[in-house]
2 protein chains.
Amino acid sequence: MEPSILKNIVKSRGLRQSGQRDLVMETFFKQKGHISAEELLSQVRIKDKRVGLTTIYRTLKLLTQCGLAVERKFNRQESTFEPARRGQHHDHLICLSCGRISEFENKSIETLQEDVAREHGFFITHHVLELYGYCLKCSKKSEKKSNTR
Amino acid sequence: MEPSILKNIVKSRGLRQSGQRDLVMETFFKQKGHISAEELLSQVRIKDKRVGLTTIYRTLKLLTQCGLAVERKFNRQESTFEPARRGQHHDHLICLSCGRISEFENKSIETLQEDVAREHGFFITHHVLELYGYCLKCSKKSEKKSNTR
DNA sequence: TTTAGTGCAAACTCTTTGCAGCTAA
DNA sequence: TTAGCTGCAAAGAGTTTGCACTAAA
């Protein structure tokens, strides 16, 4: 899916195709979840040890600018990136224990957001909705622990 | 309101009362909105030029740990802090043009969030809902500009 | 007198930039 | 041949930490 779009963008912007960039992009789109620059680097370095962090950042920036990647900052300092899926907005559940990130979509919430915006004379371009807490697995674990205590 | 709570915390933790910390806290609770460490420093330095950024960060951390302040990261790298109001959760509208932050509360959205969490077997501890876009003033400005163009 | 608090400078984390060499077109 | 691409090292921004000094109790 992505490769052709990518090649067009690379061409139309007068950019060059390069081995490193191809590898970074390929690796990025192969994984599905949220990945940090550092994590992507170590994935990429499995195939080519010479790639630098700078190239990772530059490629991710390029992808983000083209709308092919989305940058997010959850809890932490560091950014994570995920492949953009056209027209498919979604929000996130972030487990504070295991760090797992799941996604959800809820049209009713978005409608209510628009209502809020209207009341405030505000025009929404985008939003961030992140639910922090504990996933099923981690809730069960801590339940067990507190029972046997 | 806050001073007594503060003094109790300071006492109960074996901390000392100090001029700088008092000034930082006083300045912080006097303003209502969202303020960055850097901004708070310049406010504080109006009254006492010798206070350092370190003290600001240390005091804000203390307040955050005590639950008297809430740290938020909107768009940018830098954190902003706001006085916590007990039991009063609210979410934010952030104008991308003028940077103004307004607040709202919407129980229906929160109920829907709980529904989503239940579906995923997820236990929510807290959430972040930020609506980015343009406030009324800024929308009007850009409208004018594009009309006269 | 003791020990927490302070400011400075240095360190740290994550990200970006300058630069000289490299390489696709 | 000529730009864009690269990795490295250095620089940035925001925040934290080590340290010697100061000051509250």
Side-chain angles (χ1 to χ4, degrees), chain A residues 6-28 34-45 47-66 69-81 99, chain B residues 6-28 34-66 69-82 99:
Chain A
L6 281 179
K7 279 188 185 159
N8 284 341
I9 286 169
V10 166
K11 257 191 202 169
S12 67
R13 290 201 172 199
L15 304 175
R16 286 181 191 164
Q17 214 176 329
S18 85
Q20 286 95 321
R21 193 144 67 191
D22 284 353
L23 176 59
V24 174
M25 288 183 173
E26 188 195 312
T27 311
F28 177 66
H34 305 75
I35 196 169
S36 69
E38 215 54 80
E39 285 161 357
L40 184 53
L41 179 68
S42 58
Q43 295 269 343
V44 165
R45 283 205 168 151
K47 289 213 173 176
D48 186 346
K49 297 218 181 302
R50 295 162 305 168
V51 177
L53 188 54
T54 314
T55 299
I56 304 287
Y57 275 112
R58 285 199 270 235
T59 306
L60 285 172
K61 184 172 236 179
L62 188 63
L63 290 174
T64 305
Q65 287 172 343
C66 296
V70 179
E71 180 178 1
R72 299 186 195 280
K73 276 182 200 215
F74 294 118
N75 243 346
R76 305 163 282 172
Q77 289 273 85
E78 91 185 338
S79 290
T80 55
F81 297 82
Chain B
L6 280 178
K7 279 189 184 159
N8 285 341
I9 287 170
V10 166
K11 257 191 202 168
S12 67
R13 291 202 170 199
L15 304 177
R16 285 181 192 166
Q17 214 177 328
S18 86
Q20 286 94 321
R21 193 145 66 189
D22 284 352
L23 176 59
V24 173
M25 288 183 174
E26 189 196 312
T27 311
F28 177 66
H34 305 74
I35 197 169
S36 69
E38 212 58 75
E39 285 162 356
L40 183 53
L41 179 67
S42 57
Q43 296 269 342
V44 166
R45 282 205 169 153
I46 293 170
K47 290 212 172 177
D48 187 345
K49 297 216 182 300
R50 294 162 306 168
V51 177
L53 188 54
T54 314
T55 299
I56 305 286
Y57 275 112
R58 284 198 271 235
T59 307
L60 285 172
K61 185 173 236 176
L62 188 63
L63 290 174
T64 305
Q65 286 171 344
C66 296
V70 179
E71 181 178 0
R72 300 188 193 280
K73 273 182 203 218
F74 293 118
N75 241 347
R76 305 163 281 172
Q77 289 275 90
E78 93 185 335
S79 290
T80 55
F81 297 82
E82 70 172 317

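Per chain, numbering begins at 1; letters A, B, ... match sequence-line order.
- In this structure, Glu71(A) atom CD and dT16(C) atom C1' are separated by 12 Å, rounded to whole Å.
- Atom P of nucleotide dC5(D) and atom CD of Gln17(A) are separated by 11 Å, given to the nearest angstrom.
- Rounded to whole Å, atom C1' of dT15(C) lies 7 Å from atom CD of Gln77(B).
- Nearest heavy atom pair, residue Asp48(B) against residue Leu23(B), reads CB-CD2, 3.6 Å.
- For the pair Ser79(B) and dT15(D), the criterion of a side-chain N or O lying under 4.0 Å from OP1 or OP2 is met.
- Looking at heavy-atom distances under 4.0 Å, Gly14(B) makes contact with sugar-phosphate atoms alone, never a base.
- The backbone N or O of Arg58(A) sits nowhere less than 3.5 Å from a side-chain atom of Arg21(A) that would complete a donor-acceptor pair.
- What you find for Glu82(B) and Phe28(B) is that their closest heavy atoms are C-CZ, 3.4 Å.
- Within the structure, a side-chain polar atom (N or O) of Tyr57(B) is placed less than 4.0 Å from OP1 or OP2 of dT15(D).
- Between the side chain of Arg16(B) and the base of dT3(C), at least one donor-acceptor pair of N or O atoms lies under 3.5 Å.
- Between Arg58(B) atom CZ and dA4(C) atom P there is a gap of 13 Å when expressed in whole angstrom units.
- The NZ atom of Lys61(B) sits 15 Å away from the P atom of dT6(C) (whole-angstrom rounding).
- The shortest distance between the side-chain N/O atoms of Thr54(B) and the OP1/OP2 oxygens of dC8(C) is not below 4.0 Å.
- When all heavy atoms of Lys73(B) and Glu78(B) are compared, the pair lying nearest together is CG-O, 4.3 Å.
- Nearest approach of Gln43(A) to Ile35(A), heavy atoms of both residues: CG-CD1, 4.1 Å.
- One interatomic measurement links the two molecules: CZ of Phe81(A) to P of dC14(C), which rounds to 13 Å at whole-angstrom precision.
- Nearer the 5' end of DNA chain D, as judged by each residue's closest nucleotide, is the contact made by Glu78(B), out of Glu78(B) and Gly19(B).
- Atom CG in Leu53(A) sits about 13 Å away from atom C1' in dT17(C), given to the nearest Å.
- Atom CG of Leu60(A) is separated from atom P of dC14(C) by 15 Å (rounded to the nearest Å).
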